[in-house]
*Asks:* 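Here it is: the structure, laid out below.
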Amino acid sequence: MIKFTVNIDPITRIEGHLAVRIEVEDGRVAKAFSSGEMFRGFEVLLKGRDPLDAQQITQRICGVCPISHGMASVLAQDRAYGIAPTENGQLGRNLIQAANFLQSHIIHFYQLSALDFIDVAAVLAYEGSDPGLRELKSWVNAQLASDAIYPAAPFLPRYEGDYLRETDTNITILKHYLDALNMRAIAHRMAAVLAGKLPHAPGLVPGGITETITAEKIASLEAMLSKLRTFIDHCYLPDVLETTAAFPQYLREGRGCSNFLVYGAYPDSNENTDIFPPGVVIGGELSPLNMKLITEDTSHSFYSSQSGLPPGSGQTVPDHTHKDAYSWVKAPRYGGNVMEVGPLARIMVAALRKEDSALKNLTRQTLARFNMGLENLESVMGRHIARALECKVVADRSAAWIERLIPGETAFQDFEIPENGMGIGLTEAPRGALGHWISIRKGKIENYQCVVPTTWNCSPRDDRGVPGPVEQALVGTPVADDHNPIEAVRVVRSFDPCLACAVH
Ligand code: NFE
Ligand code: MG
């Protein structure tokens with residue numbers, strides 16, 4: 001038997017510090033270990049602070065999904081204070097979250113993942129007149145001629161692989177790579193209209209949002225959303241499907257733990273359920289979410305706190321000497337089960353529900369068009385497709401939310417902070433189910449715990465030794481070359497890991 005071990009450390013083109021070790025036997029991954037390589041300590045530094053600091057401090061967990069943390073925090077505080085946002089406040093929150101969501105998914109495909117499939121070297125043959133591509137071509141040429149240690153970063157060095165051969169497709173997607181940077185700026189501006197600024201938004205507060213709604217703001221939101229929707233419909237979604245068609249083997253590789261967890265997000269008073277409905281899929285069966293089943297194991301994580309605690313009474317005591325530990329990420333489990341969260345989970349839950357939803361209908365149409373079954377989505381490309389489909393659903397729905405904003409009506413509901421209280425805030429970040437748990441005692445934060453999407457997906461082994469979702473997805477992946485594990489990084493990146501979030 002031919003055996004080798006590869007340490008991919010760090011994995012680039014993700015957010016944060018992730019190392020993955022794979023043990024390959026006879027050409028396929030037999031074992032995988034995913035390690036979050038740093039400690040942040042947000043749960044520790046929140047203790048004893050004013051509860052209203054929480055939505056500001058937790059946004060600093062991440063520069064990619066600050067809005068998701070701000071949202072989970074204000075939702076937890078809404079519960080603790082016994083308040084709910086007004087209609088304008090709810091619509092405003094949805095739109096802020098949607099804008100942050102759209103930029104995250106677009107950036108994930110173009111800037112973080114597409115270069116696993118698209119050949120950036122194709123730009124060197126470009127003879128057309130697009131100014132962005134001409135500039136990129138001369139920049140790459142100049143970099144290659146320089147004596148820099150890493151010329152043409154972030155494009156080179158790279159793992160060599162079976163990149164797409166068609167020059168036209170490579171060029172089209174590289175052009176959209178450049179356009180995507182502009183889309184991110186537009187989405188940030190869109191969120192800033194309602195949230196004050198991005199990435200860390202001051203306007204997101206318990207009770208709603210602090211910005212007032214005006215006709216001028218509505219017009220500017222409409223103009224920006226329209227550009228994003230055009231890009232999603234005409235570039236992002238077609239590019240993902242075209243990449244899938246060129247790499248059909250990645251509709252088979254990278255299947256994960258096949259259990260899925262969704263908390264739900266984007267409540268809409270005109271609908272019977274959230275735009276992303278909540279639910280749990282275990283062994284192919286859909287069941288309602290039961291929050292009491294969530295616990296976090298720490299037997300393989302660098303914490304000496306008790307293992308298996310529910311987040312409401314969770315502890316975070318870092319211990320870099322902890323025996324058997326190999327990650328700063330805890331291992332959340334649902335009734336003891338390993339769960340994948342994120343776009344694929346949201347599609348699975350929506351598709352298995354009896355009730356119709358925009359997400360379910362779009363998924364069904366897309367699968368039928370490409371002659372695929374739901375099982376094909378449990379794969380590397382399936383996660384990219386799920387991300388693009390839900391991006392379209394959120395963008396389309398945002399147009400209706402903008403129309404329903406009422407100029408001049410309040411978007412904020414006043415409140416008082418109780419001496420003692422507790423609240424749970426559940427939402428869906430771009431990367432999956434996100435929960436914040438707050439307890440307040442004598443007007444200050446007594447305990448604050450976050451269980452974060454990448455904590456679920458990049459978790460290490462649990463108390464029973466069962467590997468986390470990314471570790472399971474890697475097992476079975478063919479890896480041909482120990483110096484060039486491109487197949488493995490394609491699997492990891494399909495989860496869009498954010499380790500800054502995961503270790504928080
Ligand atoms: Ni730092 Fe985040 C998202 C959250 S991931 S990006 O999406 O919450 O764990
Ligand atoms: Mg935590």
Side-chain angles (χ1 to χ4, degrees), residues 14-18 34 36 38-47 54-55 58-73 75-76 97-108 112 199-200 261-263 265 276 294-298 301-303 305-307 309-318 327-333 339-346 383 387 390-391 394 424-438 447-459 468-470 493 495-504:
I14 61 154
E15 167 50 44
H17 309 278
L18 173 68
S34 111
M38 74 185 296
F39 177 63
R40 307 280 308 286
F42 277 81
E43 293 163 335
V44 179
L45 64 84
L46 279 158
K47 284 186 186 227
Q55 80 270 8
T58 56
Q59 285 192 65
R60 271 70 188 175
I61 288 173
C62 186
V64 187
C65 69
I67 296 299
S68 313
H69 288 288
M71 194 67 67
S73 186
L75 288 170
Q97 194 173 3
N100 189 236
F101 196 91
L102 301 182
Q103 66 84 24
S104 181
H105 279 10
I106 292 170
I107 289 290
H108 175 257
L112 303 184
H200 302 110
L261 171 73
V262 180
Y263 289 159
F276 292 160
I294 295 174
T295 52
E296 285 192 299
D297 284 358
T298 51
S301 313
F302 292 113
Y303 299 93
S305 13
Q306 189 186 326
S307 193
L309 291 175
S313 53
Q315 301 167 357
T316 301
V317 183
S327 179
W328 289 96
V329 179
K330 292 181 183 176
R333 296 294 185 258
M339 309 299 288
E340 175 169 347
V341 300
L344 173 58
R346 290 187 283 252
R383 291 189 190 91
R387 209 168 273 117
E390 67 171 17
C391 204
V394 169
I424 305 175
L426 301 179
T427 189
E428 289 291 317
R431 290 156 192 76
L434 170 66
H436 285 195
W437 281 253
I438 188 170
N447 200 18
Y448 202 104
Q449 289 281 310
C450 313
V451 183
V452 182
T454 303
T455 318
W456 288 97
N457 285 340
C458 281
S459 78
V470 165
R493 289 193 185 112
F495 284 85
D496 191 4
C498 173
L499 271 291
C501 272
V503 296
H504 55 270

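Numbering of ligands and ligand atoms starts at 1, following listing order.
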*Asks:* Will you find, in the side chains of Glu43 and Thr316, an N or O donor that is under 3.5 Å from an N or O acceptor?
*Replies:*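 Yes, a side-chain donor-acceptor pair sits under 3.5 Å.
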*Asks:* Please name the atom of Glu43, restricted to N, O or S, that is closest to the Mg ion (ligand 2).
*Replies:*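 Result for Glu43 and the Mg ion (ligand 2): OE2.
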*Asks:* Against heavy atoms of Ala429, which atoms of ligand 1 measure under 4.0 Å?
*Replies:*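 Those qualifying, in numeric order: 3 (C), 4 (C), 7 (O), 8 (O).
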*Asks:* Is it the case that Arg383 places NZ or CZ above or below the six-membered ring of Phe495, under 6.0 angstrom from the centre and within 45 degrees of the axis?
*Replies:*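 Checked: cation-pi criterion met.
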*Asks:* Polar contacts were defined as any N/O atom of the residue lying under 3.5 Å from an N/O atom of the ligand; does this apply to Thr454 and ligand 1?
*Replies:*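 Looking only at distances, the answer is yes, because the N/O contact criterion of under 3.5 Å is met.
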*Asks:* Which residue is it: Leu18, Ile61, Val329? I am looking for the one with a side chain to side chain contact (heavy atoms under 4.5 Å, CB included) to Val503.
*Replies:*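 Single pass found, and it is Val329.
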*Asks:* Please confirm whether Ser68 comes within less than 3.5 Å of ligand 1 when only nitrogen or oxygen atoms on both sides are compared.
*Replies:*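 Checking ligand 1 against Ser68, no N or O pair falls under 3.5 Å apart.
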*Asks:* Which protein non-hydrogen atom lies closest to atom 4 (C) of ligand 1, naming both residue and atom, and how far is it?
*Replies:*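 So the nearest neighbour among protein heavy atoms is Cys65 SG, 2.9 Å.
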*Asks:* Taking the six-membered ring for Trp, are Trp328 and Tyr303 parallel (under 30°), tilted (30 to 60°) or perpendicular (over 60°)?
*Replies:*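 Plane angle over 60°, so perpendicular.
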*Asks:* Can you name the atoms of ligand 1, numbered from 1 with element, that are less than 4.0 Å from a heavy atom of Val452?
*Replies:*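 Those of ligand 1 that fall under 4.0 Å from Val452 are 4 (C), 8 (O), 9 (O).
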*Asks:* Please state which part of Leu434 comes within less than 4.0 Å of ligand 1, counting heavy atoms only: side chain, backbone, both or neither.
*Replies:*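 The part of Leu434 near ligand 1 is the side chain, not the backbone.
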*Asks:* Return yes if some donor-acceptor pair links the side-chain N/O of His105 with the main-chain N/O of Pro343 below 3.5 Å, else return no.
*Replies:*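 No, His105 side chain to Pro343 backbone: no donor-acceptor pair under 3.5 Å.
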*Asks:* Please say whether Thr455 places an N or O atom under 3.5 Å from an N or O atom belonging to ligand 1.
*Replies:*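 There is no such contact.
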*Asks:* Examine distances only and state if a side-chain atom of Asn447 and a backbone atom of Gly314 form a donor-acceptor pair shorter than 3.5 Å.
*Replies:*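 Answer holds: yes.
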